[in-house]
Amino acid sequence: MPVSHSVDREPSEATNSTENEHQNQTDNDDRPDDGLPINELFYSLQGEGTLAGVPSVFVRTSGCNLRCWFCDSYHTSWEPTHAWMSLEEILAEIESYDADHVVLTGGEPLLHDASADLLSELDDRGYHTTVETNGTIHRDAPIDLASISPKLESSTPTPERDPRSEIPEESRNGERRSRGAANRGDGEWEQRHESARLDLDALTELVETHPFQLKFVVTDADDMPEILDLLAELRDAATVPIRDENVLLMPEGATRERLAETRTRTAELAMEHGFRYTPRLHVDLWNDAPET
Ligand SMILES: C[S@@+](CC[C@H](N)C(=O)[O-])C[C@H]1O[C@@H](n2cnc3c(N)ncnc32)[C@H](O)[C@@H]1O
Ligand SMILES: Nc1nc2[nH]cc(C(=O)O)c2c(=O)[nH]1
Ligand code: SF4
Ligand SMILES: [Mg+2]
């Protein structure tokens, strides 16, 4: 069974958009110089995108500069938990699995300087690396597939959609969330998320520097005009072709129940526009279980 690391302590304040600011809000005590805050590290099948079905080791960093209301990795964004692991420890654990593919995800993995070092070490060892990123940060690092998921207006945590506004209950991962009155949501991230969620320069640099896929989370047909506008802007700005086959529509849903509501419409939209559809295999297989 994969190993999970989490830290039992009060949730940190909202994570900021730079690593330094982020580090100010996390444990200093046991942090190695070259390490990363790891929320979970596990072996599974790539569930999304053009490599769906490929056995892969997942390294999930903690901390994000955005706060999508639907985030399926709540404990890396809204209430980040993690243990600090040195690169040596991370690499040893990756090497303990029989896999050629590594997926670096989060949270937002490109927030962290050490993500670039980890990617270089993985490259030296011959691994194929996929980085799951929201596309707001570019880093100079060897990446075999930049899996970019630019965030649409429908991701913004308005007060009505703020997950911290809900009464504390079992979390999506089956753990109890500790949410007191002090950290109850009231849409405080709405503006911050909205102003940070798209960065055309970072997106352009990402598609120009790495093999890439653009993976849009679709909640309903209203998302399409924004996807088409963003693609037109990106195609204008980038010096590399962005083919329809590089554009994936992925249904929003952290659970089988929710996916049952979104996937057929998303598949029809993909056909209508000539884009790819990507399933969420891991949700079909294991629902919202952690470490899958
Ligand atoms: C948790 S994110 C981490 C990487 C990065 N922060 C990002 O958003 O791309 C991993 C992937 O899950 C997707 N995702 C998160 N919550 C989702 C949901 N409820 N339904 C569908 N996709 C979701 C993201 O869009 C992204 O493609
Ligand atoms: N199986 C599986 N495939 C995935 N592809 C991208 C994931 C992610 O959270 O970034 C993910 C994930 O969490 N699990
Ligand atoms: S950008 Fe990714 S990790 Fe951050 S809140 Fe959105 S889905 Fe979650
Ligand atoms: Mg996931």
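We're numbering straight along the sequence, starting at 1. From a predicted model like this one, the values you see are computed outputs, not experimental measurements. Both counts, for ligands and for their atoms, begin at 1 and track the order of listing.
By the 3.5 Å distance cut-off applied to N or O atoms, Gly253 is counted among the residues near ligand 1. Considering both main-chain and side-chain atoms, Asp72 never comes within under 3.5 Å of ligand 2 through any nitrogen or oxygen pair. Residue Glu252 has at least one N or O atom closer than 3.5 Å to an N or O atom of ligand 1. Below 3.5 Å of separation, one finds no N or O of Lys215 facing any N or O of ligand 2. Polar contact check, Lys151 against ligand 1: a nitrogen or oxygen pair lies under 3.5 Å apart. On a distance-only criterion, Ser147 and ligand 1 share no N/O pair closer than 3.5 Å. Taking distance alone, with nitrogen or oxygen atoms compared against 3.5 Å, Glu132 stays at or beyond that limit from ligand 1. At a 3.5 angstrom cut-off on N or O pairs, Asp72 counts as close to ligand 1. Checked by distance only, ligand 1 and Cys71 stay at 3.5 Å or farther apart across all their nitrogen or oxygen atoms.
Look at Asp244 and Arg235 and you find a salt bridge, because one of the NZ, NE, NH1 or NH2 atoms lies within 4.0 Å of a carboxylate O, short of that distance. By the 4.0 Å N-to-carboxylate-O rule, Glu252 lies too far from Lys151 to be salt-bridged with it.
Atom 8 (Fe) of ligand 3 has its closest protein heavy atom at Cys71 SG, 2.3 Å. Nearest to atom 8 (C) of ligand 2 among the protein's heavy atoms is Thr105 OG1, 3.5 Å. In terms of protein heavy-atom proximity, atom 5 (S) of ligand 3 is nearest to Cys68 N, 3.2 Å. Atom 3 (N) of ligand 2 has Gly47 N, 2.9 Å as its closest protein atom, hydrogens excluded (heavy atom only). The protein atom (non-hydrogen) at minimum distance from atom 7 (C) of ligand 2 is Glu48 OE2, 3.8 Å. Scanning the protein heavy atoms around atom 11 (C) of ligand 2, the nearest turns out to be Phe58 CE2, 3.6 Å.
Note on ring orientation: taking the six-membered ring where Trp is involved, the planes of Trp78 and Trp189 are perpendicular (angle over 60°, cut-offs 30° and 60°).
Counting heavy atoms closer than 4.0 Å to ligand 1, residue Met250 contributes side-chain atoms (C-beta onward) but none from N, CA, C or O.
Assignment of Gly107 to the shell around ligand 3 is supported, since a heavy atom sits closer than 4.0 Å. Judged by the shortest distance from any of its heavy atoms, Arg258 lies outside the 4.0 Å radius around the atoms of ligand 1. Assignment of Leu45 to the shell around ligand 2 is supported, since a heavy atom sits closer than 4.0 Å. The shortest separation from a heavy atom of Ser44 to ligand 2 is under 4.0 Å, placing the residue in contact. Using a 4.0 angstrom heavy-atom cutoff, Arg280 does not count as in contact with ligand 2. Look at Cys68 and you'll find every heavy atom at least 4.0 Å from all atoms of ligand 1.
For ligand 3, the atoms sitting less than 4.0 Å from at least one non-hydrogen atom of Cys64 are 1 (S), 3 (S), 4 (Fe), numbered in the order shown with element in parentheses. Which parts of ligand 1 touch Gly107 is read off a 4.0 Å heavy-atom cut-off, strictly below it: atoms 3 (C), 4 (C), 5 (C), 6 (N). Listed by number with element, the atoms of ligand 1 under 4.0 Å from a non-hydrogen atom of Pro251 are 21 (C).
Between the choices Arg60, Glu132, Met250, His282, the shortest heavy-atom distance to atom 13 (O) of ligand 2 belongs to Arg60.
Here the side chain of Thr133 pairs a donor or acceptor atom with the backbone of Gly135 at under 3.5 angstrom.
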